[in-house]
Structures are given as C-alpha cells and as structure tokens.
Amino acid sequence: MNMKANAAMATPVSHPADLAPDSHAEATVEAHAPDQTQEQADDVAQAAHARIAARHALMEKSKRYLVRTAALIMAVVFWHLATTHDVNLFVNFEHVPEPLQVGEAFMGELAGSEFYLHIAHSLERIAVAYGLAVVLGVTLGVLMGRSKWAEDIILPYIELLRPIPAVAWIPLAILMLPTEQSSIVFITFLGALFPVVLNTVHGVEQTSGVLVRAARCLGASNRSILWHVIIPGAMPSIVTGLAVAMGVAWFSLLAGEIISGQYGIGYFTWTSYTLIQYPQIIIGMLTIGLLGTLSTLLVRKACSPLLRWQPTGGRV
Amino acid sequence: MNAVSPDSRLAVLDHSRLKAKSTRNVDGRGNIKVSGVDIEFGHQGARTVAVKQANLEINSGEFVCLLGPSGCGKSTLLNAIAGFVNPTRGELTVDGKTVTEPGPDRGMVFQQHSLFPWKSVQDNVAFGPLMAGASRAEASSVARTFLSLVGLAAFADAYPANLSGGMQQRVGIARALANYPSVLLMDEPFGALDAQTRIMMQENLLEIWREFRNTVVFVTHDIDEAVFLSDRIVVMSASPGRIIADIKVSLPRPREQALLTSPEFMVLKRQCLELIREQTLNAFQQQNKAG
Ligand SMILES: Nc1ncnc2c1ncn2[C@@H]1O[C@H](COP(=O)(O)OP(=O)(O)O)[C@@H](O)[C@H]1O
Ligand SMILES: [Mg+2]
C-alpha cells in the first residue's frame with residue numbers, strides 16, 4: 001500500500017529526483033514537501049496512522065476467527081445435546097455416538113498403528129493420482145488452449161466423461177486394471193484430471209495478445225513465449241484448477257476406497273459401519289474432511305509464490 | 001532539462017560502445033522503405049482496406065510521427081513495419097530486407113498494459129537481452145543500465161502492477177531499447193496518460209533518443225505531440241487510410257517544454273493544421289469523384 005502511494009507520487013517526471021538514477025520513493029516525496037520539518041511531522045503522523053491501522057486489521061481478523069471457532073463449538077454442543085437426549089425428529093440421533101465417545105475412540109485410534117496406516121495409504125494414492133493428473137492435465141490444457149485441432153479432438157471426450165461420477169467408474173476400473181490399488185488410483189486421477197484441464201484451457205485462452213506481440217518484438221521464440229508469457233499468464237486459472245482438483249481427488253478416492261481396497265481412510269470409515277463401530281465412522285469422516293482441507297490449503301500455499309506478482313500478492 | 005543524470009548517461013554510452021564493437025551499431029541502419037503498400041483485412045464481402053497505396057521512405061536516425069484520426073490505419077502501418085501484419089500488396093523493407101516477421105531489430109512500445117505482469121520491472125527489461133542469448137548476469141546488468149536511463153533504478157524489484165501508468169511506459173521504453181534496436185516503433189505510447197505526465201514523457205523520450213539516434217516511428221493523433229517530437233510528420237487520412245501529407249519539422253533540438261508555447265511552434269502548428277485540412281478536403285473530393 002505504501003509502495004503504491006509512493007509510485008503515484010512519483011508519476012510526474014518534472015522533478016529531477018524522479019529521474020535521477022538512484023532516486024527512490026522517499027526522495028520524490030521529499031521533493032514535494034514544502035519543508036523538512038513539515039515532512040518529518042508528516043512521516044511521524046503517517047507511521048502512527050499505519051500502526052493503528054495494522055492493529056485494527058489484526059483485531060478485526062482475530063474477531064472473525066473467534067466467530068468461526070464459536071460456530072464450530074456450537075455445532076459440537078448441539079451434537080452433544082442431540083445425542084445425549086436421543087432426539088428423533090425425522091433425523092434419528094439414537095444411534096449416533098456422542099462427541100465424548102468419539103473423542104475417547106479417537107484417542108484409542110491415535111494410540112494404535114492401524115489408523116496411521118489407513119491415512120498413509122490414502123495419502124499415497126492421492127499423491128500418485130494427483131501428480132499424474134496435474135502433469136497430464138496441464139499438458140493437455142496448454143495443448144488445447146494453443147491448438148484448435150487439439151481442442152476439437154480432446155474436448156468431446158472431456159465433455160462426455162466429466163459428468164460421470166467416480167462411483168460409476170468402479171466396475172469398469174476393476175475389470176480393466178490389474179490391481180485394486182491401480183483401480184483406486186485411476187478413479188482418483190480421473191476425478192482430479194478434469195478441473196485441471198478445463199482451468200488450464202481457460203487460462204491459456206485468455207493470453208493477452210499484446211504481451212505475445214511484445215515478446216515477439218523482443219526476439220522470443222515460440223517456446224520462450226510459452227514459458228514466459230502463456231503459462232505465467234494462465235497461472236492464476238491453473239492454480240484455481242489445482243485447488244479444485246485436490247477436493248475432487250479426495251471424494252473420488254473415497255468412492256474407490258469404500259468399494260474396494262484393504263486400507264485407506266475410506267475403507268476404514270466403511271468397515272467401521274459394517275463392524276458396528278459407530279464412533280469410528282465419525283472419526284473417519286472428520287479425518288477425510290480435515291485431510292481434504294489441509295491438502296487443498298497446501299496446494300494453494302505451494303502455488304502462492306507463482307502468483308506473487310498479482311495485486312493481491314498471491315496471498316491465499 | 002535535467003532528465004538524465006550524467007552517471008546514467010555515461011553508463012549507456014559505455015554499453016552502446018560495447019555493442020558497437022559486437023557489430024550491433026545503429027549508425028546507418030534503420031532505413032525503412034514502404035512502396036505501394038495496401039493492407040486489407042477480412043475476405044470478400046467483409047473486406048476492410050486499412051492502408052491504401054502507402055509510399056514512404058524513412059532514413060536512419062529520423063524521428064517520424066504518423067499522424068491521423070483514429071481508425072485511419074496508423075497502427076496497421078506500424079504493425080506492418082513491426083512484422084505483425086503482412087501487406088496485401090506492395091513491398092516493405094527495413095535495411096533492404098523484406099519484413100516478414102517481428103524481430104529484435106525493431107523494438108516496439110505499446111499504448112499500455114504491455115509489461116509482463118509476472119516479471120519484476122528489471123526482469124521485464126532483461127527479457128530482450130536474455131532472448132538474444134545474453135547470460136542472466138549480462139542481461140540484468142543491461143536492464144539496470146536502462147532502468148537508470150529512464151530513472152526507475154529504484155523500482156527494479158517492483159512488479160508492474162505497483163507502478164503508475166507513466167512509470168510503466170518508461171519501463172516499456174527501457175525494455176524496447178535494451179535490445180539496441182535500429183528502429184523504435186511507438187504506438188500512441190503516451191495516449192493513456194494525463195496531459196501533465198505526457199509532456200514530461202515527451203521531453204524524457206527526446207532526452208533518451210539523443211543518446212541513441214535510432215530511427216523512431218511514433219504513432220499519434222495529437223498534432224502538438226507530433227510537432228514537438230518529430231523531424232517529419234506523415235499525415236494519414238481515414239477510410240481508406242492513405243498518406244496525404246509529409247511535413248518537415250525543422251525546429252531546433254534539443255526541444256523543451258517551453259517550445260510548446262513559443263511563436264515558432266505556433267506558426268508551424270498552424271501551417272500543419274492548414275495543410276492537413278487542405279489535404280483532407282482533397283482526399284475527400286477525390287474519393288467522391290472515384291465513388
Ligand atoms: N486485425 C484486424 N482485422 C480487421 N480489421 C482491422 C484489423 N486491424 C485494424 N483493422 C481495421 O483497420 C482500420 C485501421 O485501424 P488502425 O490501424 O487500428 O487505425 P488507427 O491506429 O489509425 O486508429 C480500422 O477500420 C480497423 O477496424
Ligand atoms: Mg491505433
């Protein structure tokens with residue numbers, strides 16, 4: 001914000017300070033100020049103002065997080081009341097475990113090793129499937145965005161396959177692929193692929209013509225234009241695609257793990273139901289929710305350096 | 001005007017001397033020849049004739065303004081020199097070579113939003129040298145030199161989004177010059193700036209150009225800007241875009257802001273206006289006869 005203000009001040013090129021090689025923003029501001037003392041006073045006032053503004057923003061932010069935490073606590077309280085009083089108004093809470101039981105069971109799971117194995121298996125599948133989807137998705141997306149031919153050949157497949165939910169792929173995946181593991185990875189990969197492709201195409205097609213022309217004038221080859229202009233320009237859209245894809249990857253994975261597999265957090269959740277371990281169902285669900293959220297956040301954080309140039313500074 | 005500090009000027013001279021050794025001397029280069037050029041867009045039925053029978057010779061080191069109302073084909077002609085559009089008929093050469101595609105010998109400054117937003121100011125300027133095969137270190141050093149030249153050394157690490165419009169255009173000029181082009185093409189580069197900033201940018205541009213003396217083709221629809229900047233004004237008329245006048249501007253250089261209100265300037269501007277009016281009427285009459 002400070003930077004922006006200074007830049008605006010420096011716009012008129014009338015001042016020698018502005019054009020001197022080592023002039024910096026302060027020097028320009030100085031040149032505008034009527035006299036030194038006045039300027040110093042302004043500086044002090046401005047600094048104080050900035051401090052107050054920063055403190056205010058921090059307070060505002062903590063207040064919002066407080067509200068969010070309170071909202072979650074309220075849900076737990078409601079859950080507690082509904083289960084301890086066995087509420088049964090259309091939705092039946094009689095068989096739902098109480099929060100305290102879930103907490104206790106959770107501690108038990110954390111103490112054992114099985115639970116971690118389930119998580120590790122799910123994470124591994126996500127990593128492989130998501131990695132493949134990102135590489136192939138971005139490649140296809142760039143290809144489609146750059147070539148009408150490629151787009152006309154690939155797009156019909158995407159449009160046709162995209163609405164098919166992950167669960168519907170399970171029979172065919174099991175029939176076609178050699179192992180259960182590969183079926184689950186395939187289904188997860190497919191779920192993640194479409195958002196990556198479509199967002200990449202969208203980003204690439206928005207490439208600014210002026211920037212491509214500017215690069216050509218500067219002697220850039222087609223390949224350099226791809227790396228220096230088209231892909232960075234598409235990056236905000238690609239990052240959105242990557243974040244969405246992570247969410248989709250998780251629910252595709254879960255569909256696969258519920259139906260087949262021996263490990264995985266989806267498998268854990270579903271077997272808990274068949275084994276009548278109700279608290280474990282809730283533990284499984286919450287773990288899925290948490291892992292999904294965390295991995296999406298991780299994707300955004302990992303990509304944010306690529307978007308630092310945006311006016312928002314690429315903040316998540 | 002004290003636009004460029006002695007230090008930065010020295011630095012640039014050193015660089016051009018360096019480049020001169022490596023056969024990239026601008027002297028004597030940058031001759032543009034446009035002969036019988038028509039440029040048309042679209043196919044039968046929906047055809048636009050953007051430029052009609054353009055004949056124009058621009059010599060090495062000349063500062064020429066293409067002046068005309070908007071839509072008359074100035075940008076199209078400039079883009080043809082840049083190599084972005086090919087003439088439908090006629091021939092266009094730069095230094096004897098037919099223009100078929102863009103190249104680093106012809107630098108271009110656009111009206112606005114042409115910096116790479118994801119590259120820092122310095123990396124924007126370093127891009128040309130990098131593409132020409134310079135090492136990262138060389139390219140950065142050239143970039144710093146040119147940023148000093150336009151007075152933006154302190155903003156090397158900023159992103160374009162954090163710069164004002166005028167500053168962005170100065171970076172655009174530095175970026176185009178960093179390749180030591182023999183021709184600098186400028187398409188209304190100050191058209192989006194406020195009047196105050198524009199005058200400063202014009203003065204600044206002339207200061208910089210004094211160091212390079214390369215050929216400049218500068219598109220504008222502002223007659224004051226054309227008279228203030230150029231050695232020659234090539235006037236175009238609308239639909240179809242043709243060249244209707246070629247006016248010599250022999251005001252002494254260096255030119256400064258005060259010139260804009262001087263009697264010589266006024267006299268010259270009035271002559272230009274009268275000539276343009278006369279030629280525009282002529283063009284219309286001929287067109288009516290033809291139609
Ligand atoms: N790529 C294009 N396709 C079709 N028509 C174009 C194209 N570029 C320019 N034109 C037309 O050519 C004419 C001249 O345009 P332009 O050179 O941009 O004018 P100026 O720069 O003088 O304002 C206009 O009528 C414009 O609509
Ligand atoms: Mg134009």
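Owing to the predicted nature of the structure, the values given are computational and were not obtained by experimental measurement. We use all heavy atoms of the structure for the numbers below, so side chains are in, but hydrogens, waters and symmetry mates are not.
Residue contact with chain A, scored on non-hydrogen atoms closer than 4.5 Å, involves the backbone and the side chain of B:R175 alike. For chain A, no part of B:D105 is nearby; none of its heavy atoms comes within less than 4.5 Å. When heavy atoms are compared at a cutoff of 4.5 Å, B:L115 approaches chain A solely by way of its backbone atoms N, CA, C and O.
For A:T200 (side chain) and A:G141 (main-chain N/O), no donor-acceptor pair under 3.5 Å exists by modelled atom type.
Between A:P305 and A:K301, the closest heavy-atom pair is CD-O, 3.4 Å. Residues B:P104 and A:G219 come closest through the heavy atom pair CD-CA, 4.0 Å. A:A133 approaches A:V196 most closely through the heavy-atom pair O-CG1, 4.1 Å.
By number of non-hydrogen pairs under 4.5 angstrom with chain A, the leading residue of B:S120, B:P117, B:G128 is B:P117.
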